[in-house]
Asks: 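First the structure, which I've put down as structure tokens, then a few questions once you've had a look.
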Amino acid sequence: MKTLKIFLLLTAIFICPNFALAKNADELFNELRQKILQVKDYVAEVNLKIDVAYMKVPLLKGKLYFKAPDLMKLERNGGISILPKKNINLTLSNLIPTGKVTVIDMGTTLYKAKSLRLIKVVPDDEKSSIVLTKIWIDEQNLLVIHAETTTYEEGSLIMDLEYNHFVNYSLPDKVKIFMDLKDYKLPQGLTMDYNDGNKKQENIKKTLKQKGTIEINYKNYVINKGISTNFFKG
Amino acid sequence: MDIVLEAKGLNKSFGNQHAVIDLDIRVEKGQVYGLLGQNGAGKSTLIRMLLGLIFPDSGDIFLMGDQFNSKKRHLLKNIGAIIERPDVYNYLDGFENLNFFATLSGHSVKKERIYEVLKMVGLLGREKDKVKTYSLGMKQRLGIAIALVHDPALLILDEPTNGLDPQGIADIRNLILQLSKEHNKTILLSSHLLHEVEQMASHMLIIHKGKKIKEGLVRAIIQPEESIVEISMLIYLKIEDVIKNTPWEKHIVEINPNKIVLKMNQTNIPYINQFLVEKGVPITGIHSENSLENYFLNLTND
Amino acid sequence: MIKPLSLELYKIFKRPRTYISFGLVTAIALVIQLAMCSGGKEFLSFGMQGITEQFAIQGNVLNGYLVAYIILQSLLIHIPLLIALVAGDSIAGEANMGTLRLVLTKPISRSRLVIIKFTASIIYSLLLIIWLAVVALFLSLFLFGKGDMINMKSDTFILLLQDDIMWRYFCAFAFASLAMTTIVSLSLLLSAFAENSIGPIMATMAIVVVLTILSNLELPLFNLIKPYLFTTHMIGWKGFFDDPVPYKAIRNSALVLSFYTLGLLLMTIIYFNKKDIKS
């Protein structure tokens, strides 16, 4: 894995046309990380839309609680909370590696008709689950607009972020996450499914690689009011 | 005389087995009509056909003058029946059973009538006990009560004394006679016990292997044309000469110096007795084997 | 019609064996509820492995709605047996007891008798299902509380919001009642053939078990006949826990079940009208 990281790093260095911006990229990343890390916790009203082929989950409304670095809980007034697993968490803070990293400047690029700064971040910590994160940054507002993370075990993860009310905290109003998913299958003999005549679709689904989308709309952030760690247990 | 029940040319087979072969039956109002036959003779099959439980292969059944099949539901209102065993709902009490069958009878039967019938069959006081606690005799009486509760004109009682002790048999017999005489019911009863029919019925039909053997007045059948008459005497060597060339000669079955066996009508017994006495024959006894029991055994023994 | 029907029901509910069914449903529900109390979390995590590898699921997953669903799923085989216990006995049991011949000498047509027995057995089934609703659903809700319900199909994971579930149960119970009328018809037909009640009860069970296996076997040969087996459609109640509810398929299943019910009832009436009562 180390060689892979070095290889990626070297490739990035040689390909990168704006090598001169490298130091700025480091600064940019650190500034960005500082901005993100200033949020120790928050509560927000959210609408969670899970769009996964094998999941039929209605729009989930509730309060999303977050505590840095990686605690998260969706509180739905007694309802069930479904969130993607820890390693590919929904927050930027988790996607953006902590600790020592190597930042590679990829210059500016157009993303959705917007000129953004693209950097690549490779964690130095071998234990990190992240192989590489590519971050598209709105330099002016110091905001992450798009991120693509490659993990060791969870496949790749793509995030689209939209901001409005909480630009200062780098907290998005809307996040759209695209993730790789494993197959889901339980033995028919166990579940004794009712055949509703939609069996043929199943085979088509199987051959495609599973992709899932999760869309979260945030409202009314309450930031840094302190949430106990115990709250996230259970 | 009104004909209550009439069947003509009834036939029924189960597979290769002919249960009833070309049977006719005719029961008139007020009669106690006995159906006599050994177990398996076809009595139950006949009764079940008369009640619509078994469908005849051919033949016609008329009840109160109407074709049975065309007005079955209406006609069944006028019948009360016991078929073989007095099976009722064991988990219900006597009253509940009576009430249940009374409701199904198509008549609106009042509670008082149920108690009246209970009293008639001697079950008053036990009506709130579950039937499973009843003795066979009590069940049989409950069966008769069920047959009676809606006051039908015709009672069909299949083996009503089956399995009862002598007292029970006597009770049921008295009840049947009472129903006939005091309540003017027409009763068709079957039995494999000959003296039972003899004691209760005025008319009878004897069947064997599904066929009619004999039908008519019980009195007439009991007094058949040819009885076996056995005359015992002190040894009298000239007995053959006495009989020879007399009208009695043709009736002789067996003749010995101490016994003559004749086959003749029982009504002739006083005359032959008189004849022999006049001839000085020392008669010690006359025995006539003409009971229904023997007659029946003779008829049905192959 | 009302009077003989009420008498028939009176007979059914006068028998101790009738209450065995209600006792068994209660016992099975309680056993499952107890099992869910003690080991439900492990059971769930085993079932949800495919999901929990990638998603963190928190909250009252093991709630009354889910427990009720698990109970219903387990009772799929048992309820027909309990219904056969009464419907299978209704004609053959009386033949065996000897009361059938006496009943049939009363001025009541055989067709009417079959319909009365059919109706009485259906009322019994309905009461059993209502009781099932009480012990499986309401008792589970009392013991495990309300919550969103997860439903795991072999290829789909479904989450239903708690305010969107009760109507599904009512529809499911209604559908189950329809499915049970098919069992009543089947038992009644077998009951008309037999002279004792063990035969039709066992035969009903055997047919339900064998056809249920055929309905769930993934073999091409069986796939051809599956749509025609009533057992394939008996689990149509599960459709109400899908999202969106496959109404077309459920309607089709309901039609198939109704067809079976009426067909079997008609066969019973025709056969019973021609039967010689020799019992």
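Chain identifiers are assigned alphabetically (A, B, ...) following the order of the sequence lines, protein sequences preceding nucleic acid strands; residue numbering begins at 1 within each chain. Note that the structure is a prediction, hence the values are computed from the model and not measured.
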Asks: With a 4.5 angstrom heavy-atom cut-off, could you sort out which part of C:Asp242 is near chain A: side chain, backbone, both or neither?
Replies: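 The side chain, not the backbone.
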Asks: Is chain A contacted by the side chain of C:Ile51, its backbone, both, or neither, given a heavy-atom distance below 4.5 Å?
Replies: both
Asks: First locate atom CG of C:Leu161, then atom NZ of A:Lys61, and finally report the distance between them rounded to the nearest 0.5 Å.
Replies: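 Here the rounded value is 10.0 Å.
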Asks: Drop me the distance from C:Thr52's OG1 to A:Ile82's CD1, to the nearest 0.5 angstrom.
Replies: 11.0 Å
Asks: Using modelled atom types and a 3.5 Å cut-off, is there a donor and acceptor pairing between side-chain atoms of A:Asp193 and backbone atoms of C:Ser154?
Replies: yes
Asks: Could you please spell out the steps behind the side-chain contact (heavy atoms from CB on, under 4.5 Å) verdict for A:Leu60 and C:Leu159?
Replies: CA-CA 10 Å; A:Leu60 298 178; C:Leu159 182 84; 3.5 Å; yes
Asks: Under a 4.5 Å heavy-atom cut-off, does chain A meet the side chain of C:Leu217, its backbone, both or neither?
Replies: neither
Asks: Closest heavy-atom contact between C:Asp155 and A:Tyr54?
Replies: O-CB, 3.4 Å
Asks: Please round to the nearest 0.5 Å and tell me the distance separating atom NZ of A:Lys56 and atom OG1 of C:Thr156.
Replies: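 Output value for this atom pair is 5.0 Å.
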Asks: Any chance the side chains of C:Thr232 and A:Tyr194 put a donor and an acceptor closer than 3.5 Å?
Replies: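 C:Thr232 vs A:Tyr194: no donor-acceptor pair found between side chains.
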Asks: Begin from the C-alpha positions of C:Asp148 and A:Arg76 and carry the test salt bridge (charged side-chain N to carboxylate O under 4.0 Å, His left out) through to its verdict.
Replies: CA-CA 10 Å; C:Asp148 300 333; A:Arg76 290 191 44 249; 2.3 Å; yes
Asks: Kindly determine whether A:Val52 and C:Phe55 satisfy side-chain contact (heavy atoms from CB on, under 4.5 Å), including the steps that lead there.
Replies: CA-CA 11 Å; A:Val52 175; C:Phe55 290 89; 4.2 Å; yes
